[in-house]
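First up is the structure itself, then whatever we jot down about it.
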Amino acid sequence: MTIPTITLNSGRDIPQLGFGVFQVDPAETERIVTDALEAGYRHIDTAAIYGNEEGVGRAIAKSGIPRDELFITTKQWITEQAADRSRPAIESSLEKLGLDRVDLYLIHWPAPANDLYVEAWHALEQFQADGLTSSIGVSNFLVPHLERLLDASDIVPAVNQIEVHPAYQQPGVQAFCRDKGIAIEAWAPLGQGKYPLFEEAAVADAAEAHGKTPAQVVIRWHLQRGHIVFPKSNRAERMAENFDVTDFELTIGEVAAITALERDGRVGSHPDSFN
Ligand code: NAD
C-alpha cells in the first residue's frame with residue numbers, strides 16, 4: 001500500500017496516514033507500536049505528556065527500519081517555566097525516543113492563560129535551526145493564537161494539529177491555515193468513538209457501496225479532505241483495517257454527505273480554557 005505524502009511548508013514530506021499513541025499504556029507501547037510498524041505504518045504521533053515515548057523508541061530501535069523511512073512527531077507541554085525548560089524538554093523527548101532528531105515537534109496546547117506560547121515558539125525555531133527537529137508546528141491553536149504567533153515570528157508553523165472529525169471540522173481554523181500554508185493534522189479522526197459516527201447514513205452507505213468498513217470510509221474522507229491523520233487502536237486487526245484505505249475513492253457526493261455531518265460536536269477540550 002502506498003500512503004500519499006504531503007509536502008509541508010518546511011519542504012519536508014509527511015505521510016498523510018500515521019499511527020497515534022494517545023492513551024496507549026506505556027507498558028504496552030513497545031508491543032503496540034511494533035504491531036503498527038509491522039502493519040506498515042511509518043509515521044508515529046506521540047507526545048511527552050503521553051508518557052510513552054520510551055516505548056515508541058524501543059519499538060523503533062527493534063524494528064530495524066531505516067531512520068529516513070520513519071516520520072516521528074512529538075510535542076512539548078508548555079508550563080510556567082517554558083523558557084528554561086524548553087530545551088531540556090526536547091532533549092528529554094529525543095533521549096526517550098532514542099533519536100538525535102524528530103521529524104516534527106509541536107507545541108501541544110497554546111494554554112493562553114500561561115501566555116508562553118510565543119516564547120515557546122521562538123525556542124522551537126531555534127531547535128529547527130539546530131537540527132533537533134526537521135519541522136516545527138503547533139497543536140490546538142485557534143485563529144487568534146495563530147495570528148499572534150505569525151505576527152511575532154519568522155517561521156510559519158508547518159502544521160496545526162487540531163480536533164477534526166465529521167461532527168467537528170473547525171472550518172474557520174482550516175481556512176485560515178490553508179491561506180497561510182499550514183497543513184491540518186486531524187486528531188480524534190474517528191471522534192474517539194464518543195458518538196455513533198459509524199451509524200450515520202452518509203458513512204454507512206458509503207461503506208456498503210465500496211465494500212469497506214465505516215472506519216475506513218471516515219479515514220478515507222479525511223485523506224480526500226487533505227487532512228493528515230493518525231488513528232489509534234491497540235488491536236492489530238484494526239491497525240491493519242485503518243491502514244487499508246488506498247484502494248478505493250469516495251465520490252464527490254459521498255465526501256460532501258460526510259462533510260455535511262458537521263454540527264459543532266467537539267469531543268475534546270477547548271483550547272481557550274485548557275491551560
Ligand atoms: P481516534 O479518533 O483515533 O479514536 C481512537 C479510538 O477509536 C480507539 O480507541 C478505538 O476505540 C476506536 N477505533 C480505532 N480504530 C477503529 C476501527 N477500525 N473500528 C472501530 N473503532 C476503532 O482518537 P485519538 O486516539 O484521540 O486520536 C488519534 C491520535 O491523535 C492520538 O492517538 C494522538 O496521537 C493524537 N491526539 C492529539 C491530541 C492533541 O491535543 N494534539 C489530542 C488527542 C489525540
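If you're wondering where the values come from, they're calculated on a predicted model, not measured in any experiment. Order of listing sets the numbers, starting from 1, for every ligand and every atom in it. In this chain, numbering begins with 1 at the start of the sequence shown.
Closest to atom 4 (O) of ligand 1, if we only count protein heavy atoms, is Gln192 CA, 3.3 Å. For atom 13 (N) of ligand 1, the nearest non-hydrogen atom of the protein is Leu190 CD1, 3.8 Å. When hydrogens are left out, the protein atom nearest atom 34 (O) of ligand 1 is Asp45 OD1, 2.7 Å; that is the closest non-hydrogen contact. Of the protein's non-hydrogen atoms, the one nearest atom 28 (C) of ligand 1 is Phe230 O, 3.2 Å. Looking at atom 40 (O) of ligand 1, its nearest protein heavy atom turns out to be Asn140 ND2, 2.9 Å. Among protein heavy atoms, atom 15 (N) of ligand 1 sits closest to Asn242 ND2, 3.0 Å. Atom 43 (C) of ligand 1 has Trp187 CE3, 3.2 Å as its closest protein atom, hydrogens excluded (heavy atom only). Protein heavy atom at the shortest distance from atom 37 (C) of ligand 1 is Gln161 OE1, 3.0 Å.
Contacts between Tyr50 and ligand 1, counted as non-hydrogen atom pairs separated by less than 4.0 Å, involve the side chain only.
Checked against a 3.5 angstrom limit, the closest N/O atoms of Pro189 and ligand 1 fall inside it. Of the N or O atoms in Ala188, one or more lie within a sub-3.5 Å distance of an N or O in ligand 1. Between Ser233 and ligand 1, no pair of N/O atoms sits closer than 3.5 Å. Looking at ligand 1, you'll find an N or O of Phe22 within less than 3.5 Å of one of its N or O atoms.
Proximity of Tyr117 to Phe141: side-chain heavy atoms (C-beta onward) are separated by under 4.5 Å at one or more points. No side-chain heavy atom of Gln216 sits under 4.5 Å from any side-chain heavy atom of Trp221.
Ring geometry, Tyr195 versus His165: the interplanar angle falls from 30° to 60°, so the pair is classed tilted.
The existence of a salt bridge linking Asp130 and Arg87 is confirmed by a sub-4.0 Å separation between a basic side-chain nitrogen and an acidic carboxylate oxygen. Looking at Lys232 and Asp45, no side-chain N of the basic residue comes within less than 4.0 Å of a carboxylate O on the acidic one, giving no salt bridge.
The residue among Lys232, Met239, Arg238 with a heavy atom at the shortest distance from atom 14 (C) of ligand 1 is Lys232.
Residue pairs satisfying the salt bridge (Lys or Arg N to Asp or Glu O under 4.0 Å) criterion with at least one member in residues 142-169, sequence neighbours excluded, are listed as follows: Asp115-Arg148.
By the 4.0 Å heavy-atom criterion, Gly268 is excluded from the residues contacting ligand 1. At a 4.0 Å cut-off, not a single heavy atom of Phe19 sits close enough to ligand 1 to count as contact.
Formation of a donor-acceptor pair under 3.5 Å by the Thr251 side chain with backbone atoms of Glu254 is found in this model. Judged purely by atom type and a 3.5 angstrom limit, Asn242 has no side-chain atom pairing as donor or acceptor with the backbone of Ile219.
Here Ser135 pairs with Ser10 under the side chain to side chain donor-acceptor pair (under 3.5 Å) rule; sequence neighbours left out.
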